[in-house]
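Structure first, commentary second.
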Amino acid sequence: MSSKVRDERIAKLDLLRKRGVSPYPTRFAVTHSCGAVLSNFETLEREETVVSLAGRLVSKRKHGKASFGHIQDRSGRLQLYFRQDTLGAELYELLTMLDVGDVIGVSGAVFRTKTGEFTAKVETLELLSKSLRPLPEKWHGLRDVETRYRQRYVDLIVNEEVRETVVARSRIIKSIRNFLDAREFIEVETPVLQPLYGGAFARPFVTHHEALNMRLYLRIADELYLKRLMVGGLERVYEIGKDFRNEGIDRTHNPEFTQLELYQAYADYTDMMVLLEDMVFEIVTELFGEPSCQYGEHRLDFSKPWRRLSYFEALRERLGVELADATVEEVRSLCEKTGIDVDAVLAREKPGAEKRPKSRGGGPPGGTSRSDIDTPLARERLLEELFSEAVQPYLIQPVFVCDYPKEISPLAKQKAGHPGLAERFEPIVAGFELGNAFSEQNDPLAQARQFDLQALHREGGDAEAQPKDLDYLRALEYGMPPAGGIGVGIDRLTMVLTNSRSIRDVILFPHLRPEASLGEEGEAGGDD
RNA sequence: GACCCGUUAGCUCAGUCGGUAGAGCACCUGCCUUUUAAGCAGGGAGUCGCUGGUUCGAUUCCAGCACGGGUCACCA
């Protein structure tokens, strides 16, 4: 599939070279960005300053011996006015050989057109990079999401909001660093390639080290390494980095994603709530000038303090039933009333188990086998399902959901005076879990028992149960100060703060299957 | 992994109840010195996602496959 436009432009390349014009020179001295011209226009116009701009030619309107166009750089767009009598015949001829999409450098003074648009009257013109492929069309732009994700470079050229999201993401991360650095946290880096994975419930990616001939895992969390640093006395650490989870992909999940994890010695999870709400308050205020923003239909209010709600309170509030001391039978019957397919939930993650179709909102499933509720953690799993189906989607304003069942929180400390609960919370905004935090378990023997329990679950078929990390336990035996820790999903936080519906809109290159049609001869060939 | 939907020109999309396709923008040629979705006149452009099947004939019908989106499953 040879593109006619591409062939024409390659022909132009030769023509340009024959005329002594290099289509790919090395540098251009820029004095102003488009944005700087626009924001200082009055002065520049009054003082007749000659500005020097570089960017992409994104439109061109030729009127015989005069032409208009727009140049676009990182800061915005500015109109250019070209006149044959100003440029001279030779440069004006060069203009006619330029295409929309070419990168150019121009200089000239600024003025206002009849209609009042700020414009540069071009006196010199230079081609900085010849574009061989046409840009998407100017009215509708690039809509096709597959092309947008695969060819993000094109998406960035034509869809301004993509750039805005990228900038917002950068500012969010910068705010986080500023916030934590100001509180004497130090930023560290821990291994991505790990001989043993841990710190979350997830299936890992597996890789292999050739020279050492050993299996390695891509980390699913930073947690266990950062807590080793707590043992080492660093007291306040954080890491912003990629984690990798071998799971499905949807609008809130990408196989590689960015997480902030931080740990603070001598703090507990209530301190973490304060820290997190302070941090997010600061990020949102820096981004929007006020502690609130719009997400879809909702106006989100990040004013402090955020609402705090225990796990069982949240369930009670939504379902009208107290479940803290409920038996598995009671939870089961409530699930059935809510329309949850209990058998399907309990059958999950058992390799080889039949996946039953889910029947939502239907009547109670007939002839169900009661033996399923003997599955390990049946009660907790059903509670989790109830929570994520019937509660979480309705938690729109920022809220800390606290005190989860201990069984699903093996790295957290037990809540004092509540044997069944862990000192753990999840910040939930717009129905999304933005993170996970606990008072960290620092009792080495209690932690060892939790690992052993995980091992049992693993034998029971739970592929995501956490492996026992003996070095981590050894570290704890040296004594880890009491500490609070938080993990925050940066991608999801960015989604909420940029009003993005899909995680793919906040990740520059989201994971996609390989593009089959991108063959040598089709796209990249014809190197003439 | 399951189900549903989509894939036609560089881009955004029509269309063919089965007879190998159109529009706008973009591109090329000409005219045009304040336009901005510039205008006017003319022109070129497509393996209709891929592979099979049915058929005299398939871009259209059928099947499989690929890729994407949505929902579900899994999870953060």
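Worth saying up front: this structure is predicted, and the values here are computed from it rather than measured. Order of the sequence lines fixes the chain letters, A, B, ..., with proteins taken first and strands second; residue numbering starts at 1 for each chain.
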Task: Cation-pi geometry met for A/R424 and A/Y404 (6.0 Å, 45°) - done: yes

Open item on the list: If you assign each of A/R112 and A/P136 to its closest nucleotide in RNA chain B, which residue comes earlier from the 5' end?
Closed with: A/P136

TODO: For residues A/Y81 and A/F111, establish whether the separation of their ring centroids is below 6.0 Å.
DONE: yes

TODO: Give A/R143 one of three labels, base, sugar-phosphate or nothing, depending on what nucleic acid heavy atoms sit under 4.0 Å from its own.
DONE: sugar-phosphate

Open item on the list: Restricting to side-chain contact (heavy atoms from CB on, under 4.5 Å), what partner residues turn up for A/R61, sequence neighbours left out?
Closed with: A/S59, A/H63, A/F68, A/H70, A/Q79

TODO: Taking only the side-chain heavy atoms of A/D250 (C-beta and beyond), determine which of B/A73, B/G69, B/C67 contains the nearest atom.
DONE: B/A73

- [ ] Give one of base, sugar-phosphate or nothing for A/Q84, where a contact means two heavy atoms less than 4.0 Å apart.
- [x] nothing

- [ ] Just call it for A/Y149: base, sugar-phosphate, or nothing, with non-hydrogen atoms closer than 4.0 Å on any strand.
- [x] sugar-phosphate

Task: Counterpart base for B/A2, defined by Watson-Crick or G-U wobble contacts under 3.5 Å - done: B/U71

- [ ] Measure distances between side-chain N and O atoms of A/Q79 and base N and O atoms of B/U35, and say whether any donor-acceptor pair falls under 3.5 Å.
- [x] yes

Task: Residue-phosphate contact under 4.0 Å: A/K4 side-chain N/O, B/G43 OP1/OP2 - done: no

TODO: Nearest whole angstrom, please: distance from the P of B/U34 to the NZ of A/K65.
DONE: 12 Å

Open item on the list: If you only use heavy atoms from C-beta on, which nucleotide in B/C67, B/U35, B/A26 is closest to the side chain of A/R150?
Closed with: B/C67

- [ ] Select one nucleotide: of B/C11, B/U35, B/A73, the one nearest the side-chain heavy atoms of A/E137.
- [x] B/C11

Task: Residue A/E117, side-chain atoms from C-beta onward, closest of B/U35, B/U12, B/C28 - done: B/U35

Open item on the list: Of the listed nucleotides (B/C11, B/G69, B/C28), which one gets closest to any side-chain atom of A/V145?
Closed with: B/G69

Open item on the list: Check this for me: does the side-chain of A/R83 come within 3.5 Å of the base of B/U33 through a donor and an acceptor?
Closed with: yes

- [ ] For the side chain of A/H63, starting at C-beta, report the closest nucleotide among B/G69, B/C25, B/U35.
- [x] B/U35

Open item on the list: Could you identify the nucleotide paired to B/A41, looking across every strand shown and requiring Watson-Crick or G-U wobble geometry with both distances under 3.5 Å?
Closed with: B/U29

Task: Of the listed nucleotides B/G69, B/A73, B/U34, the one nearest the side chain of A/E389 - done: B/A73

TODO: Indicate whether OP1 or OP2 belonging to B/G70 is found under 4.0 Å from a side-chain N or O atom of A/R504.
DONE: yes

- [ ] Using a heavy-atom cut-off of under 4.0 Å over every strand shown, decide if A/K60 touches base, sugar-phosphate, or nothing.
- [x] nothing

Task: Rounded distance in Å between the C1' positions of B/A23 and B/G15 - done: 10 Å

Task: Integer angstrom distance from the P of B/G70 to that of B/U60 - done: 27 Å

Open item on the list: Quick check on the 6.0 Å ring-centre criterion: do A/F205 and A/Y217 meet it?
Closed with: no

Open item on the list: Taking only the C1' atom of each, what is the distance from B/C32 to B/U20 in whole angstrom?
Closed with: 41 Å

Open item on the list: Applying the Watson-Crick and G-U wobble criteria at under 3.5 Å, what pairs with B/C65? Answer none if nothing qualifies.
Closed with: B/G49

Open item on the list: What's the gap between B/G49 and B/U8 when it is taken at their C1' atoms, as a whole Å value?
Closed with: 10 Å

- [ ] Please work out if A/G489 contacts a base, only the sugar-phosphate, or nothing of the nucleic acid, heavy-atom cut-off 4.0 Å.
- [x] nothing

Open item on the list: With hydrogens left out and only the distance checked, is there a donor-acceptor pair under 3.5 Å joining A/D85's side chain and the base of B/U33?
Closed with: yes

TODO: Using the C1' atom as the reference point in each nucleotide, state the distance between B/U47 and B/G52 in Å, no decimals.
DONE: 16 Å

Task: A/R513 side-chain N/O to B/C67 phosphate OP1/OP2 under 4.0 Å - done: yes

TODO: Between B/U34 and B/G46, how far apart are the C1' atoms? Round to whole Å, please.
DONE: 39 Å

TODO: Please determine, by modelled atom types, if A/R56 and A/S129 share a side-chain donor-acceptor pair under 3.5 angstrom.
DONE: no

Task: Distance, C1' atom - from B/G6 to B/C48, rounded to whole angstrom - done: 14 Å

- [ ] Evaluate the side-chain proximity of A/M97 to A/R19: yes if any heavy-atom separation is below 4.5 Å, no if none is.
- [x] yes

Task: Donor + acceptor pair across side chains of A/Y238, A/D222 (<3.5 Å) - done: no

